[in-house]
Amino acid sequence: MLDINIWNFIWSAVNLILLFILLKIFLFKPIGKIMDERTRAIQDDIDSAKKSKKEAEALKQEYADSINEAKEEAQKIIMKAHEDAESEKNAILKQSKEEADQLIADAGKSIENERKRVLSQAQTQIADLAIEAASKIIGENLDDDKNRRLVDKFLSEEEADGK
């Protein structure tokens, strides 16, 4: 029933070996080469992705550092502005106090000058009244200039004694 023919077996084996060699040359090598290239491309993509991830993390850290530096710089600027405002406030207050003290001193001088003027005017009026009263009492008009000098001299002596 089954008849085994050696020549058929050898030819089949040779055909099978020849088919294997041809498949290896024309199919397995190109497919292996394609698979190796595909594996290399995938590995390159993975390496590139890892590199990109590291770069992104480095950029993220750099941005975080920049933000922290900007916050610190902003805080320094705010503190300096507060200090400048405080010193400006103190300078304005000091200048206002100096101006107020000067106004008070000027007002004191003005009051003293006005007091002296009023006192001098009062002395003049008192001298006029004294001369007029003396003239009425004596009944005759004396020399106005001479009398005025006498009264002024008298008032000056009294003022010097009183002080």
Side-chain angles (χ1 to χ4, degrees), residues 24-163:
K24 187 174 180 183
I25 292 173
F26 294 110
L27 183 66
F28 295 147
K29 278 189 181 182
I31 288 178
K33 201 183 249 184
I34 290 171
M35 298 272 291
D36 288 342
E37 288 175 9
R38 183 72 177 147
T39 302
R40 246 181 292 131
I42 290 171
Q43 189 61 43
D44 289 345
D45 289 344
I46 290 171
D47 293 342
S48 176
K50 285 180 182 178
K51 182 179 177 185
S52 295
K53 182 179 177 184
K54 285 181 183 178
E55 289 174 358
E57 287 174 357
L59 280 175
K60 179 182 174 185
Q61 185 62 39
E62 186 177 321
Y63 289 143
D65 292 344
S66 295
I67 288 172
N68 288 337
E69 287 177 16
K71 285 180 181 178
E72 289 174 6
E73 188 68 27
Q75 190 66 27
K76 287 178 184 175
I77 290 170
I78 289 170
M79 292 298 289
K80 184 169 182 350
H82 282 296
E83 290 170 0
D84 290 347
E86 188 67 27
S87 65
E88 185 69 21
K89 178 186 99 174
N90 291 337
I92 290 171
L93 287 174
K94 182 180 178 185
Q95 182 181 2
S96 297
K97 185 176 181 337
E98 289 172 357
E99 288 175 2
D101 291 344
Q102 185 63 40
L103 286 173
I104 291 170
D106 290 346
K109 288 178 184 176
S110 178
I111 289 169
E112 181 62 25
N113 289 338
E114 185 65 21
R115 186 187 72 76
K116 286 179 181 178
R117 186 188 67 77
V118 167
L119 188 59
S120 174
Q121 190 178 20
Q123 283 179 345
T124 303
Q125 286 177 355
I126 290 170
D128 288 343
L129 285 173
I131 291 171
E132 192 176 320
S135 293
K136 284 184 181 181
I137 291 174
I138 295 177
E140 60 184 71
N141 194 359
L142 303 175
D143 185 17
D144 260 355
D145 288 335
K146 188 175 180 183
N147 292 335
R148 184 169 303 283
R149 281 189 298 235
L150 283 172
V151 170
D152 284 343
K153 182 179 175 185
F154 175 74
L155 289 176
S156 294
E157 287 173 1
E158 287 298 315
E159 186 178 309
D161 288 342
K163 287 186 180 179

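Remark: T39 OG1 to I34 CD1 distance equals 11.5 Å, nearest 0.5 Å. Between atom CD1 of residue I77 and atom CG of residue D84 there is a gap of 11.5 Å, rounded to the nearest 0.5 Å. Rounded to the nearest 0.5 Å, atoms CD1 (I31) and NZ (K33) are 13.0 Å apart. One distance of note links CZ of R38 with CE of M35; it measures 10.5 Å at 0.5 Å rounding. Atom CG of D106 sits about 11.0 Å away from atom CD1 of I111, to the nearest 0.5 Å.
Using a 4.0 Å cut-off between charged nitrogen and carboxylate oxygen, R40 and D36 do not count as a salt-bridge pair. In this structure, E112 does not pair ionically with K109, as no charged nitrogen and carboxylate oxygen lie closer than 4.0 Å. Using a cut-off of 4.0 Å between Lys/Arg side-chain N and Asp/Glu carboxylate O, K89 and E86 are scored as salt-bridged.
Using modelled atom types, one side-chain atom of S66 and one backbone atom of E62 make a donor-acceptor pair closer than 3.5 Å. S120 places no side-chain N or O within donor-acceptor distance of the main-chain N or O of K116, the cut-off being under 3.5 Å. Between the S52 side chain and the S48 main chain, a donor and an acceptor come within less than 3.5 Å of each other.
At least one side-chain heavy atom of I78 sits less than 4.5 Å from a side-chain heavy atom of H82. No side-chain heavy atom of L93 sits less than 4.5 Å from a side-chain heavy atom of K97. Inter-residue side-chain proximity for K94 and N90 is flagged as unmet; no heavy-atom pair is nearer than 4.5 Å. Side-chain contact between Q125 and Q121 is present, with at least one heavy-atom pair separated by less than 4.5 Å. Looking at K51 and E55, their side chains come closer than 4.5 Å, going by heavy atoms from C-beta outward.
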Run the side-chain hydrogen bond (donor to acceptor under 3.5 Å, both in side chains) check on E72 and N68 step by step: do they pass? CA-CA 6 Å; E72 289 174 6; N68 288 337; over 6 Å; no
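Under 3.5 Å, the side chains of D65 and Q61 contain a donor-acceptor pair of N or O atoms. In the model, Q102 has no side-chain atom that pairs as donor or acceptor with a side-chain atom of E98 under 3.5 Å.
Within a 6.0 Å sphere centred on CZ of R117, heavy atoms belonging to other residues, nucleotides or ligands number more than 12.
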